[in-house]
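Quick notes on the structure that follows.
Bear in mind that the values here come from a model prediction, so they are computed numbers and not experimental data. Naming convention: chains lettered A, B, ... in sequence-line order (proteins, then strands); numbering from 1 in each chain.
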There are 2 protein chains.
Amino acid sequence: MSNAARRGRVTTRGPAITDVARVAGVSVPTVSRVITGSTPVRAEKRERVLAAIAQLGYRPNGAARALVAGHQKAIAVLTGGTTRYGYASTLQGIEEAARLAGYIVMITVIDSEEPALISSTVDLALAHPVAGVIVLKFDAASVKALHQLPAGLPVVAASGGRSSGVPHAVLDDTAAASQATEYLLSLGHRTVHHVAIPAAGRRSGRVVGWRKALERAGAEVPEVLQSDWDPITGYRLGQQLARRERVTAVLCGNDEIAMGVMRGLHEQGRRVPDDVSVVGFDGHPLAAVATPALTTVEQDFVGLGRRAFDLLAGLVNDQHPPQNSLATPRLVIRESSGPPSVR
Amino acid sequence: MSNAARRGRVTTRGPAITDVARVAGVSVPTVSRVITGSTPVRAEKRERVLAAIAQLGYRPNGAARALVAGHQKAIAVLTGGTTRYGYASTLQGIEEAARLAGYIVMITVIDSEEPALISSTVDLALAHPVAGVIVLKFDAASVKALHQLPAGLPVVAASGGRSSGVPHAVLDDTAAASQATEYLLSLGHRTVHHVAIPAAGRRSGRVVGWRKALERAGAEVPEVLQSDWDPITGYRLGQQLARRERVTAVLCGNDEIAMGVMRGLHEQGRRVPDDVSVVGFDGHPLAAVATPALTTVEQDFVGLGRRAFDLLAGLVNDQHPPQNSLATPRLVIRESSGPPSVR
DNA sequence: CAGCGCGCTTGAAAACGTTATCATCCTGAC
DNA sequence: GTCAGGATGATAACGTTTTCAAGCGCGCTG
């Protein structure tokens with residue numbers, strides 16, 4: 001009230017703690033003590049304060065609190081996107097864990113690899129008071145963003161790759177890709193082709209694991225087919241693969257692409273799994289109801305997000321860098337994979 | 001430096017504007033003027049200030065800025081989830097628009113319908129300084145959250161339903177469902193069954209539009225099959241539908257459920273579209289590569305998010321409530337729908 | 001029974017880091 | 001020499017928590 005009257009702004013600045021104190025007939029710190037519960041307040045006064053708060057519809061000003069506290073109960077998430085299954089699920093895990101710990105999540109998408117744009121986007125995110133940052137290091141842009149973060153700020157990365165200086169929550173993509181490749185080889189396929197999604201670094205864990213498994217088995221290592229994130233691209237690559245007679249098994253960088261590949265093979269008359277086996281990556285909910293149902297490597301993205309937040313919380317509270325955290329994905333065998341047809 | 005030395009806290013409080021002023025040999029307001037560009041500063045001093053900023057790695061404190069400004073360049077998004085296609089895409093649109101306007105997005109998931117939990121979640125979100133709130137009103141929990149928001153706070157809703165007091169960005173679900181239903185009837189189907197997703201209010205626009213179209217055509221209105229968000233549930237309902245001989249056309253509440261339904265029908269030996277036509281909703285990227293490719297009602301969720309933010313920005317800046325915004329979805333015909341088989 | 005000290009409440013004042021306001025100083029033009 | 005106007009610094013907000021000191025009641029001790 002006093003504020004609104006004083007300034008000409010139409011943006012009503014809501015009641016402040018001083019207004020509550022005046023209405024309740026107590027001092028400002030007493031109101032603060034009632035709200036935070038930091039110090040006992042005599043019951044009678046507490047009631048008066050609570051009544052005044054309710055009457056005025058008072059809400060503590062977060063900015064003022066953050067200013068004195070030195071940090072906000074908020075974290076920033078830098079990510080390459082929000083829509084793809086992996087991103088969205090990891091985000092879900094982070095948000096859940098954060099909310100339970102009383103933190104709010106600010107999300108900023110890095111949608112360009114141009115340094116200047118990355119820089120201004122990072123600045124935008126850090127212009128707000130945050131306790132720490134989680135970087136979803138699934139693509140190249142996020143990696144660059146990670147390097148632009150100022151020292152002294154608590155930072156955690158979450159990804160499928162190897163560590164890189166900051167505390168890391170990891171899904172072991174390399175082991176997972178090896179496992180899937182070995183499974184296909186064990187079915188009798190002479191080799192396994194790979195359709196790769198955009199990678200975070202020079203080489204993605206998925207590509208590395210696939211290649212290693214082939215080399216260990218002494219199998220030929222075919223050239224990688226590079227895809228983007230769009231299932232339609234997977235579809236086109238599937239059509240290409242269909243034209244190559246010798247292709248009998250394909251490991252795809254994610255389930256969305258795998259479903260596109262299956263469609264491309266299907267349209268060119270190659271049956272899955274009779275002619276070609278297809279294995280995806282991620283455990284997308286739709287993989288289970290695809291036709292044929294997609295064999296995939298299930299990843300616990302939600303758990304990844306949760307672990308990333310726990311790491312960050314540890315960093316913020318205990319100061320000492322926590323243990324990195326690693327989880328190994330699980331192969332789920334469905335209909336899209338089987339032994340090669342005898343010819 | 002001075003701060004870190006003064007307090008025992010390990011959390012280094014980074015350099016403040018006073019440190020920059022001291023190093024640069026100018027007053028604090030001058031530093032502020034250099035940063036904000038609000039007032040010209042003599043070139044020589046400006047250089048010194050910029051040098052000091054770079055040297056110290058100074059970053060303006062967002063909390064202090066928000067405190068004096070009276071509000072933060074941030075908005076809160078209340079949503080029922082982040083992973084489903086509609087939610088994630090709308091979020092993407094909001095984030096993009098917000099980022100371009102220099103706003104950051106705080107996201108809070110309402111994952112329970114229990115009033116007490118909703119209340120504490122809303123409180124968590126509003127404990128931080130935000131310029132306004134966008135509610136993704138796709139489900140019942142978000143609607144309840146919307147009603148808990150304090151008056152005086154700029155609020156915008158985004159949904160597929162009808163308005164409800166606050167400015168609204170809308171996708172016309174009702175018209176879209178009618179269009180899809182009319183399309184199926186025009187193919188010669190005697191009626192159209194509906195598998196519904198969880199609704200925001202008592203009746204969802206999708207159900208209403210479907211029913212209206214049937215009634216207008218004088219067709220029988222079958223009982224609605226209620227689904228949750230999991231494609232597996234769609235799969236089970238598809239199996240159920242397969243057992244009913246008279247079912248020849250199914251409109252599903254979203255594409256994920258539709259893909260589950262197709263799978264369920266397929267497993268029970270009913271061919272899509274020869275025996276049963278299936279139409280989805282949303283325009284999920286995977287609908288295009290499903291087998292058969294799914295006919296669907298494409299929704300511009302990203303645009304919805306963008307419009308919701310624009311509405312909120314207008315509300316925050318111009319004070320006067322902006323026009324609501326409505327977009328009509330578009331039917332995309334693919335392989336999963338066709339005329340009923342003659343018997 | 002008086003005096004002392006302790007613990008519980010409470011309020012005054014300082015601090016957090018920034019921007020806005022106002023007065024002052026300097027420079028240059030008439 | 002005076003006046004206008006641009007650049008600059010001192011000071012006051014913004015709303016909260018923290019620190020410090022003081023008031024008060026009570027039990028213990030001499």
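Atom-to-atom, CD1 of B/Ile53 to C1' of C/dG17 comes out at 14 Å; the value is rounded to the nearest Å. Atom CD of A/Glu44 and atom C1' of C/dT9 are 12 Å apart (whole Å). If you measure from atom CZ of B/Arg46 to atom P of D/dT8, you get 10 Å, rounded to the nearest angstrom. If you measure from atom CG of A/Asn61 to atom P of D/dT16, you get 6 Å, rounded to the nearest angstrom. Straight-line distance from the NE2 atom of B/His71 to the C1' atom of C/dT19: 13 Å, rounded to whole Å. When rounded to the nearest whole Å, the span between CZ of A/Arg33 and P of D/dT18 equals 10 Å. As rounded to whole Å, 9 Å separates atom P of D/dT16 from atom CG of A/Asp19. Across the protein-nucleic acid pair, A/Arg22 atom CZ and D/dT16 atom P stand 13 Å apart, rounded to whole Å.
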Chi angles and distances behind the salt bridge (Lys or Arg N to Asp or Glu O under 4.0 Å) call for A/Asp111, B/Arg99:
CA-CA 11 Å; A/Asp111 62 358; B/Arg99 177 155 37 85; 3.4 Å; yes
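None of A/Val109, A/Val135, A/Thr79 except one satisfies the side chain to side chain contact (heavy atoms under 4.5 Å, CB included) rule with A/Ser142; the exception is A/Val135. Considering A/Val26, A/Val31, A/Thr30 as possible partners of A/Val41, the one that fulfils the side chain to side chain contact (heavy atoms under 4.5 Å, CB included) test is A/Thr30.
Atom CD1 of B/Ile107 and atom CD of B/Glu95 lie 10.5 Å apart (nearest 0.5 Å).
Among the nucleotides D/dG9, D/dT16, C/dT19, the one closest to any side-chain atom of B/Val28 is C/dT19. The side chain of A/Lys45 has C/dG11 as its nearest neighbour among C/dT18, C/dG11, D/dT8. Of the candidate nucleotides D/dT8, D/dT17, C/dT19, D/dT8 has the atom lying nearest to any side-chain atom of B/Thr30. Distance from the side chain of A/Thr36 is smallest for D/dT17 among the nucleotides D/dT8, D/dG15, D/dT17. Nearest to the side chain of A/Arg65, among C/dT18, D/dT17, D/dT18, sits D/dT17. Distances from the side chain of A/Thr39 to the nucleotides D/dG9, C/dG11, C/dT10 place C/dT10 closest. Closest approach to the B/Ile17 side chain among C/dG17, C/dG11, D/dT16 is made by C/dG17 (side chain taken as heavy atoms from C-beta onward).
Each of B/Arg42 and A/Ser32 has a nearest nucleotide on DNA chain D; the 5'-most of these lies closest to B/Arg42. Residues B/Gly25 and B/Leu67 each lie close to DNA chain D; by heavy-atom proximity, the contact nearer the 5' end of the strand is made by B/Gly25.
Applying the 3.5 Å distance criterion, the base of D/dG15 shares no donor-acceptor pair with the side chain of A/Arg59.
Taking the six-membered ring for Trp and the full ring otherwise, B/Phe309 and B/Tyr103 have centroids separated by under 6.0 Å.
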